[in-house]
Amino acid sequence: MHPAHYENLTPAQAIAHQHELRRKVDIKPLEKPIRVIGGADISFNKDSDIVYAGIVLFNYPELKVIGTATAISKTKFPYISGLLAFREVPALLDAWLKLPIMPDLMVLDGQGIAHERRLGIATHFGLVTDTPSIGSAKSRLYGRYDEPANIPLATSRMYDNGEVIGTAIRSKRNCNPIYVSPGHHISMEQSVEVIKNSLRGYRIPEPTRQAHLLVNKIRIEDSGNNNLQINLFD
DNA sequence: GCGACAG
DNA sequence: ATCTTGTCGC
């Protein structure tokens, strides 16, 4: 199944595909050194099927921006909890193909294996691109956990019947935790380490935070071109 | 049947 | 996710 055809899938078929992909998920230590890390995110206007995808590249662990790529496309697949990848991955792949250089690791806005079928968007994207990936979500989708202490960098494991599937991290004092889980070709420990090293004073780690700022920027710009250019010269 | 439910 | 200003708290 090719991502370009995800929009034609029914939810049941999408779930069946996740069961297939699950067999290929590889959660093990990333041996190669991490020199370039990327952050990805998408944005869209309310009641619109136009998707704005973007990826920001940084050198690691310094985190200086070394490149970006964006893509604008359409989506027919609706947002369905648990099937987020079928809605966002196609657009992200468009941006992925425009990158000036390929990153050693990607951070996605969403879950990795902290998913009912271990196929959060980060895991799905990692599989499709065969690239190490980490999921960093702003809210929980699946798994049980105790609230981490209100101390910067405090962590708490997320479980699914005794299996550790993620880590809730207090990325910032007095802020809700972020939910980190390995996506593909990386371990739980490394995922947490990389995310902690990518924090810069905000609740959201830089890769994903910058990607979010980028896609919102191009969305506003594009919206100003397609819509509100009525009565500008009356 | 009821509650939960990434972005 | 997005719609949106001020406002309470650290």
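A note on names: the letters A, B, ... follow the listed sequences, proteins ahead of strands, and every chain is numbered from 1. No hydrogens, no waters, no symmetry mates; every other heavy atom, side chains included, goes into these values.
Between A/N45 and A/S223, some side-chain heavy-atom pair lies under the 4.5 Å cut-off.
Taking only side-chain atoms of A/S43, from C-beta outward, the nucleotide of B/dC5, B/dG7, C/dA1 with the closest atom is C/dA1. Among B/dC5, B/dA6, B/dG7, the nucleotide with an atom closest to any side-chain atom of A/R87 is B/dG7. Listed candidates were C/dC3, B/dA6, C/dA1. Nearest to the side chain of A/K138 is C/dA1.
Near-neighbour residues of DNA chain C inside residues 172-197 of chain A, defined by a heavy atom below 4.0 Å, number-ordered: A/R173, A/N174.
For A/H124 and A/F86, the gap between ring centers is short of 6.0 Å.
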Inset, instruction - Using a 3.5 Å limit on both pairing distances, list the dot-bracket string of DNA chain B from the 5' end; Watson-Crick and G-U wobble pairs count, crossing pairs take [ ], interstrand pairs take |. - result: .......
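Remark: A/R118 is not in phosphate contact with B/dA6, judged by side-chain N or O atoms under 4.0 Å from OP1 or OP2. For A/N150 and C/dC10, the shortest distance from a side-chain N or O to OP1 or OP2 is not below 4.0 Å.
In this structure a side-chain-to-backbone donor-acceptor pair under 3.5 Å is missing from A/E62 to A/N59.
Nucleotide C/dT2 holds its P atom 10 Å from the CD atom of A/E88, rounded to whole Å.
Between A/G201 and A/K172, the shortest heavy-atom contact is O-CE, 3.2 Å.
By the criterion of a centre-to-centre distance under 5.5 Å and near-parallel planes under 30°, the ring of A/F44 forms no stack with the base of C/dA1.
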